[in-house]
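Structure, as structure tokens:
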Amino acid sequence: MKQRAKMVRDLASRADPFIKRRLLDLAARYESPERRATPVTPANLQITSPSKQATEQ
């Protein structure tokens with residue numbers, strides 16, 4: 001993760017101010033000692049199409 005943070009900081013040094021701020025925030029998250037796992041999508045998630053939802057309402 002430290003290597004990834006270094007790469008992101010290098011990209012930030014060449015970016016415009018808006019992107020630079022976002023990249024530096026990302027690098028800080030990579031270096032954070034309390035990184036949380038990304039939530040996993042449940043295997044039983046039901047996905048419906050928008051047209052099906054419209055007919056059910």
### Query
What residues, two or more places apart in sequence or in another chain, satisfy side-chain hydrogen bond (donor to acceptor under 3.5 Å, both in side chains) together with D25?
none

### Task
Measure the CD1-CZ distance between I19 and R14 for me, rounded to the nearest 0.5 Å.
13.5 Å

### Task
Mind checking the NZ-CD spacing from K2 to E31? Nearest 0.5 Å is all I need.
7.0 Å

## Note on the structure
Taking every heavy atom of A15 against every heavy atom of L23, the minimum-distance pair comes out as CB-CD1, 4.3 Å

### Reported CG-to-CZ distance for the pair L11 and R22, which is rounded to 0.5 angstrom
14.0 Å

### Query
Does L24 reach the side chain of R9, with side-chain heavy atoms less than 4.5 Å apart?
yes

